[in-house]
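Before any comments, here is the structure.
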Number of protein chains: 2
Amino acid sequence: MHNHLETKNSHDTKENIFLAAAHLFAKRGYNGVSMREISEKSGVTKPTIYYYFGSKEGIYHELVDTGIQHVFSSFETILKDKMPAKDKLVVMTKKLFQFAVDYPEFAKFFMTLVTPFTDNAALVKFKKEAEKRGRILVTIIRTGIESGEFGASANPELAAKIIGGVWQHFIWQQLASQKKILTDELAQEIIEILFKGLNE
Amino acid sequence: MHNHLETKNSHDTKENIFLAAAHLFAKRGYNGVSMREISEKSGVTKPTIYYYFGSKEGIYHELVDTGIQHVFSSFETILKDKMPAKDKLVVMTKKLFQFAVDYPEFAKFFMTLVTPFTDNAALVKFKKEAEKRGRILVTIIRTGIESGEFGASANPELAAKIIGGVWQHFIWQQLASQKKILTDELAQEIIEILFKGLNE
DNA sequence: CAAAATTTACCTACCGTTCAGTATAAAATT
DNA sequence: AATTTTATACTGAACGGTAGGTAAATTTTG
């Protein structure tokens, strides 16, 4: 006798594996997670995982791709918007913070990609996208200098790196914490400090 | 026949294991490295490693402790020095950058500790020290505000977090790169940007 | 010689992966 | 319409290999 209350379909199964893997990779990194754990957490057997993803690296790869789409897609749009450079930085910061708050498990996994031990083949794409993000930042700041919004002595490359570093740092702080610390107000405040500096 | 040109002593053996482990952990993280690899790289057999360190976690633990001493010891001294707050920040930044340049393997390992997957018991101590470092930064900035060096509206806690984040980011950049990018001049420049801000 | 340092040989547990198969349902053939 | 074929979704059991770890024997050192 088969219980027809338990309806199964491929989408749910794949999605469950996907989420379980994201959760586990976020917690312990690629090598810290076994296929057995993923299978237990997602409620399917190991061969099912291979049926959908082909290999352990296969899951990881798909996770990276999804993350790239989710995080970076909005940045190019913001770049083209008509608003002061400083506001663009604030909006980007807010977007990024919102993502970390809304999808903590996924964001945590995603953040592990920027660590130094990145031999993984799946990360080539990610690194390229991260560089693109860096260039967008540089462009925004450079535009801000040209329009007189930022001081002429500002170094766009350095400033972009600093902003990227600050983003990364605060998102990690959020992911390590239980409370919500990444608010829109904080995003505003951070850009404000970087804009005005400490001496005024 | 034994070759007496190869003199061995216990200190060298332990040191070799230590350095090999630091190198490997830095490259691939705790779970990405096996005891077999450490033994091969250090030129001793596995049981010798167990003789000196007891377990895989044992090496890791000792690595963390040494790192903490090396990196954070100078900070308390700088805090007590008689110089402008801004100069203190510059000196601390230079010290940190110098460490990353001089001991890249070790620094790389050390940087892996700030990633989100930190279930490891060895990291409790590290986290405490990192918090202490944060408090030192806050104290310096607060002193700078009181003496009128920094603007009265500055938020010391937030500024300290930003500086910590920027440090972390640039050290990682260095460790991922072949060229020397962390110079004393860059340290100066970074603090300058944070001090003056982007708009002047 | 005794103590310290190091190796040989081996253990069990778990790793990622694959094989050979099964229940179900839709599609094609008769 | 009944039967056969094909495709999808999934599983239990097992593979070769490597993981961390250790008891016991051996070599080196003082």
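The sequence lines fix the lettering, A, B, ..., with proteins before strands; numbering per chain opens at 1.
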**Study point:** For B:Glu192, salt bridge (Lys or Arg N to Asp or Glu O under 4.0 Å) partners two or more places apart
**Key:** B:Lys86

Review point. For residues 90-102 of chain A, which residue pairs qualify under side-chain hydrogen bond (donor to acceptor under 3.5 Å, both in side chains), counting only residues two or more places apart or in two chains?
Key: A:Thr93-A:Trp167, A:Gln98-A:Asp102

Practice item. Could you encode protein contacts along nucleotides 10-20 of chain C as a string, one character per nucleotide from 5' to 3', using B for base contact, S for sugar-phosphate-only contact and - for no contact, with a heavy-atom cut-off of under 4.0 Å? Key: -----SBBBB-

Practice item. Name all residues meeting the ring pair (Phe, Tyr, Trp, His ring centres under 6.0 Å) criterion together with A:Phe53; count only those two or more places apart in sequence or in a different chain, and write none if there are none. Key: none

Practice item. Give a yes/no answer on whether the side chain of A:Tyr51 brings an N or O atom under 4.0 Å of OP1 or OP2 in D:dA9. Key: yes

Check your understanding: Rounded to whole angstroms, how far apart are CD on B:Glu40 and P on C:dT7?
Key -> 13 Å

Review point. Bend across the helix from C:dC1-D:dG30 to C:dT30-D:dA1, to 10°, with axes taken over 5 pairs at each end?
Key: 20°

**Study point:** Residue-phosphate contact under 4.0 Å: A:Thr45 side-chain N/O, D:dC10 OP1/OP2
**Key:** no

Review point. What residues, two or more places apart in sequence or in another chain, satisfy side chain to side chain donor-acceptor pair (under 3.5 Å) together with A:Glu40?
Key: A:Arg36

Review point. Atom CG of B:Asp12 and atom P of D:dT29: how far apart are they, to the nearest Å?
Key: 12 Å

Practice item. Give every residue pair that meets the side-chain hydrogen bond (donor to acceptor under 3.5 Å, both in side chains) criterion with at least one member in residues 129-145 of chain B, sequence neighbours excluded. Key: B:Glu129-B:Lys132, B:Arg142-B:Glu157

Practice item. In whole angstrom, give the distance that lies between atom NZ of A:Lys14 and atom C1' of D:dC10. Key: 15 Å

Revision key, fill the gap. Hits for salt bridge (Lys or Arg N to Asp or Glu O under 4.0 Å) against A:Glu37, two or more places apart or cross-chain, chain-then-number order -> A:Arg28

Check your understanding: Strictly by modelled atom types, are A:Thr45 and A:Thr48 linked by a side-chain donor-acceptor pair under 3.5 Å?
Key -> yes

Review point. Among all residues two or more places apart in sequence or in another chain, which pass the side chain to side chain donor-acceptor pair (under 3.5 Å) test with A:Ser39?
Key: none

Review point. Do any side-chain nitrogens or oxygens of B:Thr13 fall under 4.0 Å of OP1 or OP2 in C:dT6?
Key: yes

Exercise for review: Determine: side-chain N/O of B:Tyr52 to OP1/OP2 of C:dT6, distance under 4.0 Å, yes or no.
Suggested key: yes

